[in-house]
Asks: 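There's a structure below that I have some questions on.
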Amino acid sequence: MAKLPYRMYKPEEIESKWQRKWEADGLYHADIAPDQPKHYALTMLPYPSGDLHIGHWYAITPADARARFMRMRGFNVMFPMGFDAFGLPAENAAIKNKIHPKEWTYKNIERMRQQLRTMGAMFDWRREAVSSDPEYYRWSQWYFNQLYRHDLAYRKHSPVDWCPNCNTTLAREQVWGDDRHCERCGTPVIKKELEQWFFRTTRYADELLSFEGIDWPERVRALQTNWIGRSEGASVAFRTEQGDELEIFTTRPDTLWGATFMVLAPEHPLVAKITTPAQKPAVEQYVAEVIRQTDIQREATDKEKTGVFTGGYAINSVNDEKIPIWVADYVLMTYGSGAIMAVPAHDQRDLEFARKFNLEVRVVIQPPEMEQLDAKTMLEAVSAYGMMVNSGPLTGTPGDQASEKTIAYLEDRGIGEGAVNYRLRDWLISRQRYWGAPIPIVYCARCGTLPLPDEQLPVLLPDDVEWLPTGESPLKLHPTWRFTCCPVCGGEAERETDTMDTFMCSSWYHQRYLSPRYHEGPFDLKEYDYWMPVDVYTGGVEHAAMHLIYTRFFHKACRDMGIGKGDEPMLVLRNQGQILGPDGQRMSKSRGNVVDPDKQVRIYGADTVRAYLMFGYRWADGGPWDPGNIQGSSRWLQRVWSTILEDGRAGKPAGRVLKSLRRKVHQTLRSVTRDFEQFEFNTIVSALMELMNEMSKAKQEGVWGSDEWEEAVDYYLRMLAPVAPHISEELWALLGKAYSVHTQPWPTLDEQAAAEEQITLVVQVNGKVRDRITVPADIDDESARLTALQSKAVMKHLGDNKPRKVIVVPRKLVNFVL
RNA sequence: GCCGAAGUGGCGGAACAGGCAGACGCGCACGACUCAAAAUCGUGUUCCUUCGGGAGUGUGGGUUCGAUUCCCACCUUCGGCACCA
């Protein structure tokens, strides 16, 4: 073996060198290869906030390592990167620093591109997409038109959530927490009545509940299921005394005969008509009070019930009974029909209301295991199913058929039908801000609301705009921009001046990566057919009820519009956790606990930072940054460097030593392969550390220069390559191996070499470990038992007793039971 | 209240199909090297112990020869939803 000149491991010298070479060589270019299986690995694209955060490294490094692993396993891997570049932070920063949002954004993108390069990730930069480029948002607008033409986009006047700090409306998904605050800035939202654009996500509510064919974490599935909030029941038509139909939704049609009053939401359109002159002042005052309240005050669950009698009555369709109609704020206009039938005996909220206002309580369900219910004394509503009582023709129906039979009864008589309700709302996409894709709609006094013809896209965002937020769309304040001519009649017309929610732009970015400079459509179908769907999608779980619902909706809509294919955009989803500051708190500039990745790279090198982020945490959990722990990863790579590069003493190692080295190498390969497949990154690094410890010991015993050593080093560098791409490439080159380690195939596992010849048999007496004996791996049960019996420790614990039972688990243990 | 995830040494964490709890790393202790320190290398490191052992994976039960792992009940933490009819 040739003697190598000894050198120190200096990551700062080798890392940028290889990064430049890889890029110059196009080593990570992903092109269609029809004969090769493809793998589309996607990591959520960052927002260009200014600086790359350690959180970006934490998210991207393992995704990159796994993409590299898949490539070595023979897949044609695409791992693209881009920027989600529209959005409020650009405007906020612009206001603060008096710099144009566009300038701020593109400066940041340039800076982050450079920082991303220092990670040594295998991005194919030719596929980069930036959502604020006209060539990108042209297609966001085109998609808007498609949705509009397919009746999946519509404009509606309605009460919407408004962030008074961001000065814009928000989608329901962007309002968070008990205090209903803005997802971006934390300010509590208020309600405004506005004319806004929506996407019909509710049309897909049912389909979005199915996760068939995709492997997504339980956490995300549960969250989305929860968010969509499907309830099954019936809608029933009641009538007012004046003859108006009053529809209600109930999940308990079997309690219909127990309805003793009705409640309307204060905003319900029939309130004014129903209210009698005598009750008018009280009702008007109550409604005015409720409207003045915020949603937070109004929706507090622990609040005492309030309400007012309208003076009007409704007819219960099942028994023609006349029941009073009340107005109360515990009924929400946004769910169901904004009206309920109240069944106080079987609904806690209705019971509280009834007791407070002395309304009738009537038992219509008797669960078999409960004592006879007494409407006069009951303190808690009984929501359990049970036999229907006092329910006219359905009296006596058992609980398990009650709802079903009632629905059939309603349908027979044409007074109601089985119905499903969802919590999910349509997606409000209008934003009264500047830095977004303009909604490509024109309003013409003669021709009405018109989407701009596709060939007139993109509707360019003007640069010369006063972007300071006023509550009005900045585009509306531009002196000329909004005036245009009607695409149909050519007369004077005005543009829509709102921009689109940036989640619209990020709903389809994985398509743009396929062909970011394609001019004929949002993507080149050739590329789509080869690469889609995304095989592995990784990113933060905070998007579970926003981006991850929107993008599924978008994909299904595309499928139905004949643009895309398949039911789901991303087959496998995995979420990483969050890296916190060393103090265990969320990193923030104001707390001063921000860990700067650039600085860590300067100190330790990118490979060490990568290795530590993979090694130090369960990826899905994350945790506090530990400035001490990273030392372990740094020392490890130093050891890898010196153990592989420094000449060893030539010796005559025992065959046993060589065999055991080979065994460890193949065992490591087995576990590293499995862990890559299962996204368990921390144990990949620990297995590689173990192997290095073993190799270092074996080297002391003289294996250096042997075939086994050569194989160990070769395998080691290939296994290390996805984790630490620079040091492995450098060592690969220094050993004279053919460029590049990253285009090598993944090593081949020799199961026989990995098999243990000798095993440690655990010997127990009464389930307690008393001895450990080394035996041949293929020992039969009887010999195992006899060998174990000879153990001194066993003899001592057995004494004169004869074991009642002996359990032998092949290759594992022998247990003597007394 | 409902849904979901998670509780293992001083710390991050490991244990793959019910079979050696604590791999790997940090920290710490001791030793080697050094005039010395750092770095590096080596050894030890769950707790208690009368040195025989005993206890131990959030708590209490259960199944089993045997449970971090399976079942039941509960506690705690985190995340989501919540007057949703």
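Lettering of chains follows the sequences in order, A, B, ..., and the numbering in each one begins at 1.
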Asks: Taking atom types as modelled, is there a side-chain donor on A/Tyr612 or A/Tyr58 under 3.5 Å from an acceptor on the other?
Replies: no
Asks: Determine: side-chain N/O of A/Tyr335 to OP1/OP2 of B/A85, distance under 4.0 Å, yes or no.
Replies: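 Answer is yes, contact under 4.0 Å.
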Asks: Within the structure, does a side-chain N or O atom of A/Lys768 lie under 4.0 Å from either OP1 or OP2 of B/A55?
Replies: yes
Asks: Could you identify the nucleotide paired to B/A23, looking across every strand shown and requiring Watson-Crick or G-U wobble geometry with both distances under 3.5 Å?
Replies: none
Asks: For A/Asn226 and A/Arg423, does a side-chain donor sit closer than 3.5 Å to a side-chain acceptor?
Replies: no
Asks: Give a yes or no answer on whether the side chain of A/Asp350 reaches the backbone of A/Val343 with a donor-acceptor pair at less than 3.5 Å.
Replies: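 Looks like yes, one N/O pair under 3.5 Å.
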Asks: State whether the distance check finds a donor on one side and an acceptor on the other, under 3.5 Å, for side chain A/Lys305 versus base B/C83.
Replies: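 Between B/C83 and A/Lys305, which were checked side chain against base, a qualifying N/O pair under 3.5 Å is present.
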Asks: Considering only atom C1', compute the distance from B/A15 to B/C84 and round it to an integer number of Å.
Replies: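 One C1' to the other, the span is 44 Å.
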Asks: If you measure from the P atom in B/A38 to the same atom in B/A32, how many Å do you get, rounded?
Replies: 14 Å
Asks: Between B/A85, B/G19, B/C24, which nucleotide has the shortest distance from any of its atoms to the side chain of A/Asn693?
Replies: B/C24
Asks: For A/Trp427 and A/Ala171, which heavy atoms make the closest approach, and how far apart are they?
Replies: CD1-CB, 3.8 Å
Asks: Show each protein N/O and nucleotides 68-73 of chain B N/O combination with a separation under 3.5 Å, one pair to a line.
Replies:
none

Asks: Could you let me know what B/U63 is paired to, Watson-Crick or G-U wobble, both distances under 3.5 Å, or none if it's on its own?
Replies: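 Pairing partner: none.
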Asks: Is the phosphate of B/C41, meaning OP1 or OP2, less than 4.0 Å from a side-chain N or O of A/Arg639?
Replies: yes
Asks: If we take the C1' atom in both B/G19 and B/A29, what is their distance in whole Å?
Replies: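 Taking atom C1' in both B/G19 and B/A29, they lie 34 Å apart.
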Asks: Nearest whole angstrom, please: distance from the P of B/A39 to the CE of A/Met8.
Replies: 14 Å
Asks: Under 4.0 Å between a Lys/Arg side-chain N and an Asp/Glu carboxylate O for A/Lys305 and A/Glu352?
Replies: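 Looking at A/Lys305 and A/Glu352, the cut-off is met.
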Asks: Does any N or O donor sit under 3.5 Å from an N or O acceptor when you compare the side chain of A/Gln631 with the base of B/G25?
Replies: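 Donor-acceptor pair under 3.5 Å: no.
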Asks: Of all the nucleotides listed (B/A85, B/G4, B/A15), which has the minimum atom distance to the side chain of A/Glu680?
Replies: B/A15
Asks: Using both distances under 3.5 Å as the test, list the Watson-Crick or G-U wobble partner of B/A39, or none.
Replies: none
Asks: Closer than 3.5 angstrom, by distance alone: can the side chain of A/Thr760 be matched with the main-chain N or O of A/Arg772 as a donor-acceptor pair?
Replies: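 Judged by distance alone, no pair lies under 3.5 Å.
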Asks: From the options B/A23, B/A85, B/C20, select the nucleotide whose nearest atom is closest to the side chain of A/Val331.
Replies: B/A85
Asks: Look at the side chain of A/Lys812 and decide which nucleotide, out of B/C83, B/C26, B/G19, has an atom nearest to it.
Replies: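 Output: B/G19.
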Asks: Nearest of B/C20, B/A14, B/G12 to any side-chain atom of A/Val762?
Replies: B/C20
Asks: So, does the side chain of A/Asn815 form a donor-acceptor pair with the base of B/C65 at under 3.5 Å?
Replies: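 Between B/C65 and A/Asn815, which were checked side chain against base, a qualifying N/O pair under 3.5 Å is present.
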Asks: As a test of the definition: with a 90° window around 0 for syn, would you call B/G25 syn or anti?
Replies: anti
Asks: Can you tell me, in whole Å, how much space there is between the C1' of B/G9 and that of B/U68?
Replies: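 One C1' to the other, the span is 14 Å.
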Asks: Distance-only, no hydrogens or angles: does the A/Arg785 side chain make a donor-acceptor pair with backbone N or O of A/Val808 under 3.5 Å?
Replies: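 No; zero donor-acceptor contacts below 3.5 Å.
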Asks: Starting from C1' on B/G4, measure out to CH2 on A/Trp227 and report it in whole angstrom.
Replies: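 Taking atom C1' of B/G4 as the reference, CH2 of A/Trp227 is at 16 Å.
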Asks: Whether A/Asp771 and A/Lys792 form a salt bridge (side-chain N of Lys/Arg under 4.0 Å from carboxylate O of Asp/Glu) is what I want to check.
Replies: no
Asks: Can B/A15 be described as syn, meaning its chi torsion is within 90° of 0, or is it anti?
Replies: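 Anti, since the glycosidic angle lies more than 90° from 0.
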Asks: Taking the C1' atom in each of B/U34 and B/G22, what is the distance between them to the nearest angstrom?
Replies: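 Comparing C1' positions in B/U34 and B/G22 gives a spacing of 36 Å.
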Asks: Any ion pair linking A/Asp206 and A/Arg230 (charged N to carboxylate O, less than 4.0 Å)?
Replies: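 The answer is yes: the pair qualifies as a salt bridge.
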Asks: If you compare every side-chain N and O of A/Thr683 against the phosphate oxygens of B/C24 (OP1, OP2), does one of them come in below 4.0 Å?
Replies: no
Asks: Between B/A6, B/C24, B/G52, which one does the side chain of A/Lys796 approach most closely?
Replies: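 My answer, after comparing the listed nucleotides, is B/G52.
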Asks: When we call it a touch if two heavy atoms are under 4.0 Å apart, what does A/Arg770 touch: a base, just sugar-phosphate, or nothing?
Replies: sugar-phosphate
Asks: Specify the separation, in whole Å, of atom CD of A/Glu690 and atom C1' of B/G13.
Replies: 13 Å
Asks: So does A/Lys697 get a side-chain nitrogen or oxygen closer than 4.0 Å to the phosphate oxygens (OP1/OP2) of B/C41?
Replies: no
Asks: Could you work out which one of B/A23, B/C20, B/G54 sits closest to the side chain of A/Val769?
Replies: B/C20
Asks: When all nucleic acid strands are considered with a 4.0 Å heavy-atom cut-off, which category describes A/Leu332: base, sugar-phosphate, or nothing?
Replies: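 Result for A/Leu332 = base.
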Asks: With P as the reference atom in both, quote the distance from B/G31 to B/U50 in angstrom, rounded to an integer.
Replies: 26 Å
Asks: Base, sugar-phosphate or nothing for A/Gly622? Non-hydrogen atoms, less than 4.0 Å.
Replies: sugar-phosphate
Asks: Identify whether the glycosidic angle of B/G9 places it syn (within 90° of 0) or anti.
Replies: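 That one's syn.
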Asks: B/A82, OP1 or OP2 - any side-chain N/O from A/Arg423 closer than 4.0 Å?
Replies: yes
Asks: If we take the P atom in both B/U69 and B/G52, what is their distance in whole Å?
Replies: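 The answer is 32 Å between these two P atoms.
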Asks: Start at the 5' end of RNA chain B and walk down; is the nucleotide closest to A/Arg772 or to A/Met341 reached first?
Replies: A/Arg772
Asks: Tell me if a side-chain donor or acceptor on A/Asp329 pairs with a main-chain N or O of A/Val290 at a distance below 3.5 Å.
Replies: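 Not at all, since once roles are kept as given, no pair shorter than 3.5 Å links the two residues.
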Asks: Using a 6.0 Å distance limit plus a 45 degree cone around the ring axis, check whether A/Arg66 lies over the aromatic ring of A/Phe679.
Replies: yes
Asks: Applying a 3.5 Å limit to both distances, which nucleotide forms a Watson-Crick or G-U wobble pair with B/C33?
Replies: none
Asks: Checking contacts here: which listed nucleotide (B/A85, B/A82, B/G53) is nearest the side-chain heavy atoms of A/Thr250?
Replies: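 It is B/A85.
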Asks: May I ask you to verify if any side-chain N or O of A/Asn226 is less than 4.0 angstrom from the OP1 or OP2 atom of B/A82?
Replies: no
Asks: Which whole number of Å gives the distance between the C1' atom of B/U49 and that of B/G1?
Replies: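 Taking atom C1' in both B/U49 and B/G1, they lie 49 Å apart.
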Asks: Just how far, in rounded Å, is P of B/U64 from CG of A/Asn766?
Replies: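 Roughly 16 Å, once rounded to whole Å.
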Asks: With heavy atoms under 4.0 Å as the rule, sort A/Gln764 into base, sugar-phosphate or nothing.
Replies: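 Base, at least one base atom sits under 4.0 Å.
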Asks: Strictly by Watson-Crick or wobble contacts shorter than 3.5 Å, is anything paired with B/C78, and which nucleotide is it?
Replies: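 Partner of B/C78: B/G4.
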Asks: OP1 or OP2 of B/A14 less than 4.0 angstrom from a side-chain nitrogen or oxygen of A/Asn682, does that happen here?
Replies: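 Yes.
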Asks: Are A/Trp57 and A/Gln600 packed together at the side-chain level, in the sense that at least one heavy-atom pair is separated by less than 4.5 angstrom?
Replies: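 A/Trp57 does not reach A/Gln600 side chain to side chain.
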Asks: With distance as the sole criterion, do the side chain of A/Arg674 and the base of B/C16 form a donor-acceptor contact below 3.5 Å?
Replies: yes
Asks: Think A/Arg635 has a side-chain N or O under 4.0 angstrom from the OP1 or OP2 of B/G25?
Replies: no
Asks: Here's a test of your reading of the structure: between A/Lys805 and A/Asp347, which maps to the more 5' nucleotide of RNA chain B?
Replies: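 By nearest-heavy-atom nucleotide position, the 5'-most residue is A/Lys805.
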Asks: Under a 3.5 Å cut-off for both contacts, is B/A55 paired Watson-Crick or G-U wobble with anything, and if yes, with which nucleotide?
Replies: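 Result: B/U46.
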